[in-house]
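To keep things clear, I will list the structure first and then write my remarks on it.
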Amino acid sequence: MEPKKVAIIGAGVSGLVACKFTLSKGFIPIVFEARGDIGGVWTETMQTTALQTPKKLYEFSDFPWPKSVTEDFPKYDKVLDYIKSYADHFGLLKHIRFNTKVLSIDCEGCSDEELEGWTLWGGTGEAFSERRKWRINVVDARTNVPLEEVVVDFVILCIGRFSDVPNIPEFPPNGGPEAFKAGKVLHSLQYSAMDFDSASNLIKDKQVTVIGFQKSGLDLAMECANINGPKKPCTVVFRTAHWTIPDFCPWGIPIGFLYMNRFSQLLIHKPGESFLLYLLAILLSPIRWLFSKIVETHVMKKHRLSKYGMVPDQSFLQDLSSCLFATLPEKLYEKVDEGSIILKKSPSFVFCEEGIMIKGETKPIPSDLVILATGYRGDQKLKEIFTSSTLRDYMTFHDPAVPMYRLCIHPRIPQLAVVGYSESASNLFTSEMRCRWLAEFLDGTFKLPSIKEMEKDIAEWDKCIKLYSGPYFNRGCIASLHVRYCDQLCKDMGWNPKRKKGFLADLFLPYGPVDYASP
């Protein structure tokens with residue numbers, strides 16, 4: 001029988017591991033990459049960008065970092081070199097079609113009525129169907145010239161959540177960027193796409209205002225402060241203070257011992273838990289509170305957050321469960337002390353002729369350049385890639401906490417998976433585990449449960465994520481439930497979910513990528 005063809009859209013870390021594992025099962029992967037190189041978001045970064053998690057968590061399970069990389073949080077260029085070395089080592093480049101942009105995908109061989117009538121995924125719960133195919137519509141990304149359509153048996157969308165489509169806030173009439181006459185408005189996406197010299201020249205000697213205080217906003221503030229200093233301070237406007245940790249060892253305790261081991265999973269309510277585990281999570285709630293306070297007091301003491309009015313209202317556990325915590329760039333608060341960065345908290349802002357006006361102040365913040373570090377709309381990319389209006393409707397997430405089974409399978413869309421859309425403490429770690437699971441599913445190791453069971457499982461995950469992430473649960477983050485998630489994948493694949501030798505080791509030692517290097 002001729003091997004099945006699997007289209008993989010995107011050659012970031014998710015696309016590469018999807019390629020590697022589908023290849024290992026004897027399938028024919030065809031990777032479509034709109035850019036001229038691999039690496040996804042790491043190909044277009046700011047000069048100050050570095051890993052947000054320690055490299056031992058951001059690591060391929062069967063391909064360790066080179067010994068020459070000694071720092072825990074390597075800069076963007078070393079991360080990109082590591083990713084490229086992985087692709088070279090496993091011979092993945094020959095399967096990638098560079099500068100090939102996928103405009104749309106179309107499922108052939110099933111009607112809308114069939115989709116609605118199924119009780120099992122794709123009608124059978126299996127990965128493939130002889131009569132259904134996906135047609136991939138592609139163009140040359142450099143010229144927009146149409147290329148020959150490609151027909152495949154399965155599609156894996158690895159198009160990422162943090163790229164391509166910027167999230168632009170909504171403004172009242174006459175309060176948007178069009179009201180700003182004194183300068184220019186950019187999104188961090190546009191800034192990151194510039195070469196470093198052009199980006200430096202853009203902000204040099206300018207009054208820059210950055211909107212947002214998450215990962216991109218932090219990097220932008222540091223770049224502006226390093227280039228302009230206190231003569232032209234960078235103003236950072238943000239709505240909510242979140243926990244920005246200086247390191248992953250609060251009070252000398254590796255954070256993995258607090259949140260990345262099996263004991264940490266006993267402290268929280270989990271999807272599908274027994275009554276005994278439910279009761280245990282209640283009884284151990286003081287320890288859950290203590291662990292959060294260990295991190296919070298460490299951050300407050302090290303950064304003197306009270307001095308800057310930057311103590312968050314919510315707990316660290318809530319930010320972890322929402323994936324809204326970040327690693328603080330080194331010496332950021334020193335830049336605040338010297339006057340190179342000005343922090344402004346406000347629930348809202350509007351543009352005016354001179355710059356921006358924040359709620360509660362009577363004078364505008366004069367600006368030459370306003371950069372919106374306001375995130376991305378990855379949900380739009382997922383939805384708009386389908387030609388079918390029915391499939392687009394299925395991919396419209398009104399409340400996207402965990403909208404897919406095992407975070408990658410939509411119960412109603414056959415022969416398709418999404419990898420790299422949800423978040424965790426280490427997205428590479430999660431994507432690799434998910435691609436292992438997906439490859440085993442494609443190979444027939446297991447079947448999916450009924451659509452009704454999958455939808456019930458999705459609802460249970462949604463409930464647990466809401467419980468700990470509060471108003472930010474729609475980020476689809478599993479950082480506080482990562483061990484539980486990996487346990488589910490292992491059980492599906494027929495692996496022993498307990499990966500460490502000895503009861504105490506498995507209970508207390510942190511879990512990482514190398515624990516899942518082999519069955």
Side-chain angles (χ1 to χ4, degrees), residues 2-12 14-15 18-19 22 27-35 95-118 120-161 163-165 377-397 400 403-405 408-421 435 438 441-442 448 451 454:
E2 185 178 344
K4 301 291 186 182
K5 294 180 180 179
V6 179
I8 300 168
I9 303 176
S14 296
C19 179
T22 52
F27 301 110
I28 301 175
I30 306 170
V31 185
F32 300 95
E33 173 52 56
R35 296 183 176 95
H95 301 283
I96 303 173
R97 301 186 183 186
F98 291 106
N99 300 305
T100 305
K101 182 179 181 180
V102 175
L103 293 183
S104 62
I105 60 176
D106 185 34
C107 187
E108 298 180 337
C110 65
S111 64
D112 292 349
E113 290 75 19
E114 275 187 290
L115 293 174
E116 289 291 340
W118 286 333
L120 294 173
W121 190 71
T124 64
E126 297 179 348
F128 300 106
S129 167
E130 290 301 323
R131 67 184 187 86
R132 277 193 307 273
K133 306 287 182 181
W134 283 96
R135 187 172 294 275
I136 316 296
N137 177 24
V138 293
V139 298
D140 188 310
R142 298 160 296 189
T143 62
N144 274 334
V145 172
L147 302 174
E148 183 179 354
E149 290 184 328
V150 180
V151 177
V152 299
D153 300 284
F154 200 95
V155 173
I156 306 176
L157 297 178
C158 302
I159 54 180
R161 183 171 178 170
S163 61
D164 299 328
V165 183
R377 291 296 307 273
D379 58 319
Q380 286 189 8
K381 288 195 296 181
L382 283 180
K383 179 177 70 174
E384 292 171 2
I385 200 168
F386 296 95
T387 57
S388 164
S389 59
T390 300
L391 298 187
R392 286 190 177 199
D393 289 343
Y394 285 148
M395 277 294 185
T396 300
F397 306 140
M404 289 171 279
Y405 180 72
C408 63
I409 297 289
H410 193 290
R412 292 286 176 185
I413 303 180
Q415 293 164 238
L416 179 136
V418 180
V419 178
Y421 183 77
C435 287
L438 188 56
F441 170 58
L442 295 180
L448 296 180
I451 290 175
M454 287 196 284

I need the I136 CD1 to I105 CD1 distance, nearest 0.5 Å. 5.5 Å
Rounded to the nearest 0.5 angstrom, the SG-CD1 distance for C19 and I96 is 6.0 Å
So which atom in E33 and which in A11 form the shortest heavy-atom distance, rounded to 0.1 Å? OE1-N, 2.7 Å
Working for side-chain contact (heavy atoms from CB on, under 4.5 Å), residues R412 and I451: CA-CA 8 Å; R412 292 286 176 185; I451 290 175; 3.7 Å; yes
Can you name the closest pair of heavy atoms from D164 and R35 and give their distance? OD1-NH2, 4.1 Å
Geometric cation-pi criterion R161 and Y421, 6.0 Å radius, 45° cone: yes
Can you sort out the partners of S388 under side-chain contact (heavy atoms from CB on, under 4.5 Å), two or more places apart, ordered by chain and number? D112, T390, L391
Excluding sequence neighbours, so at least two apart, what forms side-chain contact (heavy atoms from CB on, under 4.5 Å) with V165? R377, Q380, K381
Residue pair K4 / F154, side-chain heavy-atom distance below 4.5 Å: no
Just by modelled atom types, is the Q415 backbone N or O under 3.5 Å from a matching donor or acceptor in the W134 side chain? yes
Closer than 4.0 angstrom, basic N to acidic O: yes or no for E149 and K133? no
Can you check side-chain contact (heavy atoms from CB on, under 4.5 Å) on V418 and H410, steps first, answer last? CA-CA 8 Å; V418 180; H410 193 290; over 6 Å; no
Centroid-centroid distance, F441 to F128, less than 6.0 Å: no
Locate the shortest heavy-atom distance separating K5 from V152; write the atom from each residue and the value. O-CB, 3.6 Å
So, for F27 and L442, which heavy atoms are closest and what is the spacing to 0.1 Å? CZ-O, 3.3 Å
Before you tell me yes or no, could you show the steps for L448 and L120 under side-chain contact (heavy atoms from CB on, under 4.5 Å), namely the whole-Å CA-CA distance, both residues' side-chain angles and the distance that decides it to 0.1 Å? CA-CA 8 Å; L448 296 180; L120 294 173; over 6 Å; no
To the nearest 0.5 Å, what is the distance between CD1 on I8 and CD1 on I156? 4.5 Å
Steps toward side-chain contact (heavy atoms from CB on, under 4.5 Å) verdict (M395, F386): CA-CA 9 Å; M395 277 294 185; F386 296 95; 3.4 Å; yes
What I'd like to find out is whether the side chain of V419 reaches to under 4.5 Å of the side chain of L438, using heavy atoms alone. yes
For atom CD of E130, decide whether the heavy atoms of other residues, nucleotides or ligands shown that lie under 6.0 angstrom number more than 12. no
